[in-house]
Amino acid sequence: MNATRLRPAVVCAALLEALDASEGRRRRRKRDTTPDAIGMSLKRQLLVQSTEADPDPEAFEAWLLERCLTGAADVPIGALRAMAREVLAEWQFAAASADFRQWLAAGAPSEDRGPASSATRALRPSSQDLDGR
């Protein structure tokens, strides 16, 4: 499966679910996790916006850049840019790695994660993906 066939909104919906598990781990840490919470909040915003807007795969990077350039005045552009780069990298990795797609499709299993939802099931390979067409 290449990046042009995999919709960013599908991956972003699954990444949102994986982020929930990560949030559970962050809350249990004994150190101050305020910076983590800020970054994850920005990432969550980008993932939600990506899911709602469903940008075309070929335009996803430009779409993320536009989110950075038009972000709220109270959001540091460097932090937003870092999270946008992370979202882009994870989408590209999902397009390139069947193992990563399977992990996301399974609900991003970890000790903090329950079973897969309908959003993550959309990442499961179709017969067309399996035969390489």
Side-chain angles (χ1 to χ4, degrees):
M1 178 176 288
N2 62 36
T4 58
R5 290 190 47 210
L6 184 61
R7 299 291 303 177
V10 171
V11 174
C12 289
L15 289 170
L16 272 169
E17 291 190 18
L19 193 61
D20 290 340
S22 175
E23 183 64 17
R25 286 188 299 274
R26 184 194 65 78
R27 287 184 182 146
R28 288 193 302 275
R29 291 187 182 118
K30 296 183 194 256
R31 66 174 175 79
D32 178 13
T33 60
T34 302
D36 297 337
I38 293 168
M40 292 300 101
S41 174
L42 293 173
K43 184 176 182 179
R44 180 177 300 284
Q45 290 173 17
L46 288 170
L47 291 171
V48 167
Q49 290 172 359
S50 298
T51 302
E52 292 171 352
D54 191 18
D56 287 331
E58 299 81 11
F60 189 47
E61 186 172 7
W63 184 89
L64 284 167
L65 175 61
E66 185 64 26
R67 301 291 73 70
C68 292
L69 296 175
T70 61
D74 61 337
V75 176
I77 192 167
L80 188 57
R81 182 177 173 268
M83 291 299 101
R85 287 177 54 124
E86 188 170 315
V87 169
L88 179 64
E90 288 174 347
W91 171 67
Q92 290 171 330
F93 188 56
S97 171
D99 288 341
F100 187 56
R101 284 192 309 278
Q102 288 173 346
W103 178 76
L104 285 173
S110 73
E111 293 175 6
D112 302 312
R113 188 89 204 112
S117 74
S118 60
T120 56
R121 284 187 213 111
L123 282 172
R124 292 190 178 140
S126 68
S127 59
Q128 193 175 44
D129 295 331
L130 295 174
D131 66 15
R133 282 186 255 157

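Because the structure is a prediction, the values reported are computed rather than measured.
Taking both residues in full, the closest heavy atoms of Leu6 and Pro57 are given as O-CG, 3.7 Å, listed atom of the first, atom of the second, then distance. Minimum interatomic distance between Val11 and Glu90 (heavy atoms only, all atoms of both residues): CG1-O, 4.4 Å.
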May I have the list of side-chain donor-acceptor pairs in residues 66-84 shorter than 3.5 Å, sequence neighbours left out?
from: Arg67; atom 1: NH1; to: Trp63; atom 2: O; distance (Å): 3.1
from: Thr70; atom 1: OG1; to: Glu66; atom 2: O; distance (Å): 2.7

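Between Leu19 atom CG and Cys12 atom SG the span is 11.0 Å, to the nearest 0.5 Å. The NZ atom of Lys43 lies 9.5 Å from the CG atom of Leu16; values are rounded to the nearest 0.5 Å. Atom CD of Glu17 is separated from atom CG of Leu47 by 11.5 Å, given to the nearest 0.5 angstrom. The CD atom of Gln92 sits 10.0 Å away from the CZ atom of Arg85 when rounded to the nearest 0.5 Å.
Partners of Gln49 under the side chain to side chain donor-acceptor pair (under 3.5 Å) rule, at least two apart in sequence or in another chain, do not exist in this structure. Judged as a side chain to side chain contact (heavy atoms under 4.5 Å, CB included), and not counting sequence neighbours, the contacts of Glu61 are Leu88.
Leu15 is connected to Val48 through a chain of hydrophobic side-chain contacts under 4.5 Å among Ile, Leu, Val, Met, Phe, Trp and Tyr, so both are in one cluster.
Ring pair Trp91/Phe60 is perpendicular by interplanar angle, where above 60° counts as perpendicular and below 30° as parallel.
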